[in-house]
There are 2 protein chains.
Amino acid sequence: MSEHEPHILVVDDHRDIREQLARYLRKSGLRASVADSAQQARKFLKSAAVDLIVLDIMMPGEDGLSLCRSLVETGTVPVILLTAMAEDTDRIVGLEIGADDYVTKPFNPRELLARIRAVLRRAAHVPRDRDPVDAETLAFAGWTLDVPKRLLSGADGVAVPLSSGEFQLLVAFLKRPRMVLSRDQLLDLTSGRTPGVFDRSIDNQVSRLRRKIEPDPKTPELIKTVWGGGYTFTADVQDTAS
Amino acid sequence: MSEHEPHILVVDDHRDIREQLARYLRKSGLRASVADSAQQARKFLKSAAVDLIVLDIMMPGEDGLSLCRSLVETGTVPVILLTAMAEDTDRIVGLEIGADDYVTKPFNPRELLARIRAVLRRAAHVPRDRDPVDAETLAFAGWTLDVPKRLLSGADGVAVPLSSGEFQLLVAFLKRPRMVLSRDQLLDLTSGRTPGVFDRSIDNQVSRLRRKIEPDPKTPELIKTVWGGGYTFTADVQDTAS
DNA sequence: GTCAGGCTGTTACAATTGGTTACAAAGAGA
DNA sequence: TCTCTTTGTAACCAATTGTAACAGCCTGAC
């Protein structure tokens, strides 16, 4: 991947395992966040974009399998399960639920890292979304974006021409408001390109888009920069299914 | 459509793929049946109501494409194709054959499941009725295209002469509104020619067509360019079977 | 057959788009 | 504060697109 590290969320109720693992992942050049329960993980996922989740099956409260199932259902984040025993039952159940891989405890951190890298690689290869956009029009901050018509019009009804790249970037933001999107993710969402080493194309597209939609591009209100993380779209978005 | 779980028919000559996939789908809350050949599938379809078919292209005997074509012709069941290679798939889908989606092998069952759900959702919203080929007149943005007469008339009833190339291009767009069509696809749809290396004929035909149907050809509204991708027809199209 | 006229692919060139580079500005940490 | 990293953006350039001009081909009239 690139200078924007994949973001891993470690979910485990054992503080030592959780923190040690997170530290190890960070040392290995990944970004890592932690959650001590399924509940906390859900909350975290609402506000941050995560590339992969390492998830302990056995936890008090809502257990890992349950969280895993619902994650898989929404189908956006790959999951690696941590299972207590080497027993096949867990593993089979996990894989059937749709986890991407599993590691048995006690685990070798290096092995887990290798599996994380493998799953990320696989996830990156999943063909791009061919599904049509669901929402027909997306409204935000006085603007209205007609997705099928690829037309952005201001409060006064005047249309502002968008290039294809700007349009795709805007759609990527509008479908995920308030989520922090890394440059890599945005690049994937807009063009599917694999990022170069010093890829600044997203920065430029963001800059160009800001020039068109921000009231004052010098102090952006709609697309905020998350220092070290990426960008977030901050305004409320109303989508109308036609 | 039945009011119970969606019923999926899996058609594949490989027993293991077929059975595993069926099991996975059942576990995911769908009903699944299997057929090991196009022939068996046809027989099955006569006696059972199926909501969606997952169909392997490569099979001994009558192959998947052939079955798919005739299914699409009758126009009642959505189809997702399993293809061996990623090549040419985009041409296959939607265009010549009319499948609703495709997945390349080896496939991730979760991805397939997501696509099944997406297609079912679409099918539930958009009644799959008429065969678009038979539509007699296509109306869009104030224009009316009489297909058998090859006659395009404006809101005021005044006819605009179209060359046959322009006519075919327009029909290609009108039958697939909101889809991004690559130059190669458009070339295939309009003339069937194999594209040259620096083929700009589609660009020219688009330019000529725009001059005739766009209110302001300088800022096209109906046929939009997708930079690096092709063209899209953005307006709503109403087709009347006359 | 010849010719005119229209259609369509090719070529050429201008305009647009978007990725890259460079450098200034801003943020983070010591 | 000083320094290193990250971000903003202007400037540049290569790729892509728009379209005018041209040429070959076909059709129909004579």
Side-chain angles (χ1 to χ4, degrees), chain A residues 2-5 7 26 29 31 150 152 160-172 180-184 186-214 216-232, chain B residues 150 152 160-170 172 180-214 216-232:
Chain A
S2 79
E3 82 257 56
H4 289 114
E5 288 69 30
H7 188 186
R26 286 190 199 109
R31 277 191 300 147
R150 306 183 141 238
L152 178 69
V160 173
L162 289 180
S163 76
S164 294
E166 289 157 358
F167 169 77
Q168 290 188 300
L169 183 61
L170 183 54
V171 171
V180 179
L181 297 164
S182 73
R183 276 155 241 266
D184 279 12
L186 288 169
L187 195 63
D188 191 44
L189 288 166
T190 52
S191 72
R193 266 187 332 126
T194 37
V197 195
F198 294 115
D199 205 316
R200 303 293 308 285
S201 56
I202 288 297
D203 300 62
N204 264 286
Q205 289 291 49
V206 167
S207 177
R208 286 166 179 149
L209 183 54
R210 277 175 173 161
R211 216 173 300 155
K212 292 194 178 173
I213 66 170
E214 292 281 0
D216 175 16
K218 285 279 163 196
T219 56
E221 294 286 317
L222 301 174
I223 303 173
K224 293 244 175 163
T225 306
V226 178
W227 210 86
Y231 298 95
T232 318
Chain B
R150 307 188 141 230
L152 179 69
V160 173
L162 287 181
S163 76
S164 63
E166 288 158 357
F167 170 78
Q168 289 189 300
L169 183 61
L170 183 54
V180 178
L181 299 165
S182 72
R183 276 154 240 267
D184 281 10
Q185 291 176 319
L186 288 168
L187 195 63
D188 194 40
L189 288 165
T190 51
S191 72
R193 266 187 331 127
T194 37
V197 194
F198 293 114
D199 206 316
R200 303 294 307 284
S201 55
I202 289 297
D203 300 60
N204 266 286
Q205 289 291 48
V206 167
S207 179
R208 286 163 181 151
L209 184 53
R210 276 175 174 162
R211 215 173 300 153
K212 293 193 178 173
I213 67 170
E214 291 281 359
D216 175 15
K218 286 279 162 195
T219 56
E221 297 281 316
L222 301 174
I223 303 173
K224 292 243 174 165
T225 305
V226 179
W227 208 85
Y231 298 96
T232 318

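Letters A, B, ... are given to chains in the order of the sequence lines, protein chains preceding strands, and every chain is numbered from 1.
In this structure, OG on S207(A) lies 12.0 Å from CD1 on I202(A), to the nearest 0.5 angstrom. Between the CG atom of L170(A) and the CD1 atom of I213(A) there is a distance of 5.5 Å, given to the nearest 0.5 Å.
By the side-chain contact (heavy atoms from CB on, under 4.5 Å) test, E166(A) is found to be paired with L162(A), S163(A), Q205(A), R208(A), L209(A), K212(A), residues two or more places apart in sequence or in another chain being considered. Here S201(B) pairs with L187(B), R193(B), D199(B) under the side-chain contact (heavy atoms from CB on, under 4.5 Å) rule; sequence neighbours left out. Scanning for side-chain hydrogen bond (donor to acceptor under 3.5 Å, both in side chains) contacts around T232(B) gives an empty result, with sequence neighbours left out. Taking S164(B) as the reference, R150(B) meet the side-chain contact (heavy atoms from CB on, under 4.5 Å) condition, with sequence neighbours excluded. With sequence neighbours excluded, the residues forming a side-chain hydrogen bond (donor to acceptor under 3.5 Å, both in side chains) with R200(B) are D203(B), listed by chain and number.
The interatomic distance linking L181(B) (CG) with dT17(D) (P) rounds to 14 Å, in whole Å. In this entry the distance linking CZ of F198(A) with P of dG8(D) reads 17 Å, nearest Å. The distance between atom CZ of R200(B) and atom C1' of dT19(D), rounded to the nearest whole Å, is 9 Å. Remark: P of dT17(C) and CD of Q168(A) are 14 Å apart, rounded to the nearest angstrom. Here dT17(C) presents its C1' atom at 14 Å from CG of L169(A), a figure rounded to the nearest Å. Rounded to whole Å, the distance from CD1 on I223(A) to P on dT9(D) is 11 Å. One atom, CD of E214(B), and another, C1' of dG18(D), lie 13 Å apart when rounded to the nearest Å.
Each end of the helix from dG1(C)-dC30(D) to dA30(C)-dT1(D) gets its own axis from five base pairs, and the two axes differ in direction by 20°, given to 10 degrees.
Residue R210(B) places at least one side-chain N or O closer than 4.0 Å to OP1 or OP2 of dG18(D). OP1 or OP2 of dT17(D) sits under 4.0 Å from a side-chain N or O of R183(B).
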When you compare the protein's N or O atoms with those of nucleotides 24-28 of chain C, which come within less than 3.5 Å of each other, and at what distance?
from: dG27(C); atom 1: O4'; to: W227(A); atom 2: NE1; distance (Å): 3.4

Are there any protein N/O atoms within less than 3.5 Å of an N/O atom in nucleotides 6-9 of chain C, and if so, which ones and at what distance?
from: dT8(C); atom 1: OP1; to: S164(B); atom 2: OG; distance (Å): 3.0
from: dT8(C); atom 1: OP1; to: G165(B); atom 2: N; distance (Å): 2.8
from: dT8(C); atom 1: OP2; to: S163(B); atom 2: OG; distance (Å): 2.3
from: dG9(C); atom 1: N7; to: R208(B); atom 2: NH1; distance (Å): 3.4
from: dG9(C); atom 1: O6; to: R208(B); atom 2: NH2; distance (Å): 2.6

Can you tabulate the close N/O pairs, meaning under 3.5 Å, that link protein atoms to atoms of nucleotides 24-29 of chain D?
none

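Residue contacts shown for Y231(B) are limited to sugar-phosphate atoms, with no base heavy atom under 4.0 Å away.
A donor-acceptor pair is defined here as one N or O able to donate and one able to accept, closer than 3.5 Å; no such pair exists between the side chain of E214(B) and the backbone of T219(B).
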